[in-house]
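Order of appearance sets the numbers: ligands from 1, and atoms from 1 within every ligand. Keep in mind that what you see is a predicted model, and the values were worked out from it rather than measured.
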Amino acid sequence: MYKKIRKAVFPVGGLGTRFLPATKSMPKEMLPVLNKPLIHHAFEEARNAGIEQFIFITGRNKNSINDHFDHAIELENFLEFKNNKDMLFLSKDCLIEPGNIVFLRQQQPLGLGHAVWCARNIIGDEPFAVILADDMFIEDRKCGILTEMIQYFQSDTTANIIGISKINISESKKYGIVKIGDGDIVEDMIEKPEVSDAPSGLAIVGRYILQPDIFYYLKGTEADKGGEIQLTNAMKKMLANSKFRAYRTNAYRLDCGNYLGYLEANVRFSLQNSEFSEPIKEMLKNILG
Ligand code: G1P
């Protein structure tokens with residue numbers, strides 16, 4: 001029985017249509033929040049949580065994500081020549097041991113479930129994490145949601161864990177919504193329901209710890225009306241045979257998959273940054289008169 005979560009899957013093959021035209025030739029995961037791309041923040045959260053192997057499910061036009069996790073030789077030479085240690089550190093910060101980073105082509109953007117399924121041969125027979133880079137959190141504690149979820153997982157390593165957060169129920173159509181029974185046990189889940197069909201105001205927030213059995217259910221999951229294989233639908237089928245526990249976070253969630261959430265993330269992260277906090281406050285005061 002595996003107790004440690006060593007591997008994380010980052011689905012980054014989506015088309016990013018909500019950010020067009022910015023994302024016509026640039027992956028939405030490379031949009032920066034402060035000085036780091038969204039995918040870099042997600043990577044840091046995973047690294048802080050003790051993840052050792054990083055599996056990116058990519059697509060065409062996503063090569064700048066690969067490049068971001070590789071050496072930038074000219075830049076490094078230049079910064080070394082200038083003896084600019086701080087920038088050199090930033091440039092090399094997301095390099096990890098060769099062999100522990102994998103880029104897989106999804107070939108077609110067939111949905112989150114399909115993206116996760118693409119990782120099956122790399123994951124093998126152990127529980128693993130899934131991180132959606134769009135979902136960012138601002139926490140009081142600095143350890144990160146995934147760290148907390150992995151600690152939670154340690155109390156019952158046979159379970160699957162889904163990160164959830166309270167939402168305004170009028171927004172149920174944007175999320176996977178869960179029904180929680182006794183304690184933290186997930187009884188049901190439904191992907192993007194109408195408000196009238198939503199079993200609660202608790203939404204899945206882009207952090208999962210899954211048992212490898214999920215691949216069996218993903219394989220048998222049909223595409224939805226939009227042509228996408230939904231992870232939520234596979235998890236729902238798996239519920240009959242496998243325990244899902246909800247990890248509820250009170251951390252402030254930023255939905256960087258839409259423009260307003262993304263802008264808010266930049267403002268909030270700037271306000272938390274020692275260098276930018278005061279200038280941003282001044283700037284906001286000026287803007288708002
Ligand atoms: C995905 C999941 C959904 C979840 C959401 C969180 O949807 O399918 O269950 O609530 O992420 O951000 P997407 O935002 O990719 O449409």
Side-chain angles (χ1 to χ4, degrees), residues 8-20 23 27-29 31 33 38-39 41-42 45 56-59 62 106 108-119 129-138 145-146 149 160-180 186 188-195 197-210 214 217-218 221-239 244 246-249 251-262 264-265:
V9 174
F10 301 83
V12 292
L15 295 175
T17 46
R18 272 178 279 184
F19 276 92
L20 280 170
T23 49
K28 74 169 174 184
E29 295 80 11
L31 292 169
V33 168
L38 285 169
I39 193 62
H41 286 282
E45 183 181 331
F56 296 85
I57 312 298
T58 79
K62 298 278 180 168
Q106 193 182 356
Q108 282 177 284
L110 294 178
L112 176 58
H114 181 261
V116 172
W117 181 73
C118 288
V130 176
I131 302 188
L132 307 189
D134 282 359
D135 285 313
M136 293 184 77
F137 297 89
I138 294 204
I145 301 297
L146 190 64
M149 284 177 60
N160 305 269
I161 315 284
I162 307 181
I164 61 161
S165 183
K166 196 158 174 36
I167 53 143
N168 187 330
I169 199 153
S170 64
E171 302 209 309
S172 64
K173 235 182 140 14
K174 289 193 200 163
Y175 301 101
I177 304 291
V178 294
K179 180 180 174 204
I180 310 286
V186 178
D188 199 6
M189 56 185 106
I190 172 165
E191 181 70 4
K192 305 199 174 89
E194 298 292 342
V195 177
D197 296 329
S200 75
L202 295 171
I204 301 172
V205 289
R207 299 291 182 279
Y208 310 77
I209 293 176
L210 297 170
I214 190 68
Y217 295 92
L218 282 168
T221 300
E222 303 275 316
D224 64 7
K225 278 188 233 144
E228 296 198 350
I229 295 169
Q230 297 296 347
L231 180 58
T232 307
N233 293 345
M235 295 193 298
K236 185 182 166 82
K237 285 198 281 174
M238 191 170 156
L239 263 182
F244 279 80
Y247 178 76
R248 185 165 169 169
T249 177
Y252 189 79
R253 179 172 161 273
L254 294 153
D255 180 0
C256 297
N258 75 68
Y259 212 64
L260 268 184
Y262 171 71
E264 183 182 353

Discussion item. Check whether N258 reaches the backbone of G261 with its side chain - one donor and one acceptor, N or O, closer than 3.5 Å.
Written reply: yes
Practice prompt. Just say parallel, tilted or perpendicular for the rings of F10 and F56, cut-offs at 30° and 60°.
Written response: parallel
Item to complete: Give the residue and atom name of whichever protein heavy atom lies nearest to atom 12 (O) of ligand 1, and the separation in Å to one decimal.
Response: D135 OD2, 2.7 Å
Worksheet item: Mind checking whether D224 and E191 have side chains closer than 4.5 Å, heavy atoms only?
Response: no
Worksheet item: Nearest protein heavy-atom contact for atom 14 (O) of ligand 1: which residue, which atom, what distance?
Response: R18 NH2, 4.2 Å
Practice prompt. Look at the side chain of K62 and the backbone N and O of G14, then say whether any donor-acceptor pair between them is shorter than 3.5 Å.
Written response: yes
Discussion item. Test side-chain contact (heavy atoms from CB on, under 4.5 Å) on I180 and V186; report intermediate values, then the result.
Written reply: CA-CA 5 Å; I180 310 286; V186 178; 4.2 Å; yes
Worksheet item: Which part of L132 is near ligand 1, with near meaning a heavy atom under 4.0 Å away: side chain, backbone, both or neither?
Response: side chain
Item to complete: Starting from atom 4 (C) of ligand 1, locate the nearest protein heavy atom and write down its residue, its atom name and how far away it is, to 0.1 Å.
Response: I204 O, 3.5 Å
Practice prompt. List every atom of ligand 1 that sits less than 4.0 Å from any heavy atom of Y175, numbering the atoms from 1 in the order shown and giving each element.
Written response: 10 (O)
Item to complete: Could you check atom 8 (O) of ligand 1 against the protein and tell me its nearest heavy-atom contact, residue, atom and distance included?
Response: E191 OE2, 2.6 Å
Discussion item. Donor-acceptor check, side chain of E264 to backbone of L254, threshold 3.5 angstrom: yes or no?
Written reply: no
Worksheet item: Just wondering, more than 12 heavy atoms not from Q108 lying within 6.0 Å of its CD?
Response: no
Discussion item. I want to know if ligand 1 touches V205 in the polar sense, i.e. an N/O pair below 3.5 angstrom.
Written reply: no
Worksheet item: Which protein heavy atom lies closest to atom 7 (O) of ligand 1, and at what distance to 0.1 Å?
Response: K192 NZ, 3.3 Å
Worksheet item: Which atoms of ligand 1 have any heavy atom of G176 under 4.0 Å away?
Response: 3 (C), 4 (C), 9 (O), 10 (O)
Worksheet item: Do any heavy atoms of T232 fall under 4.0 Å from ligand 1?
Response: yes
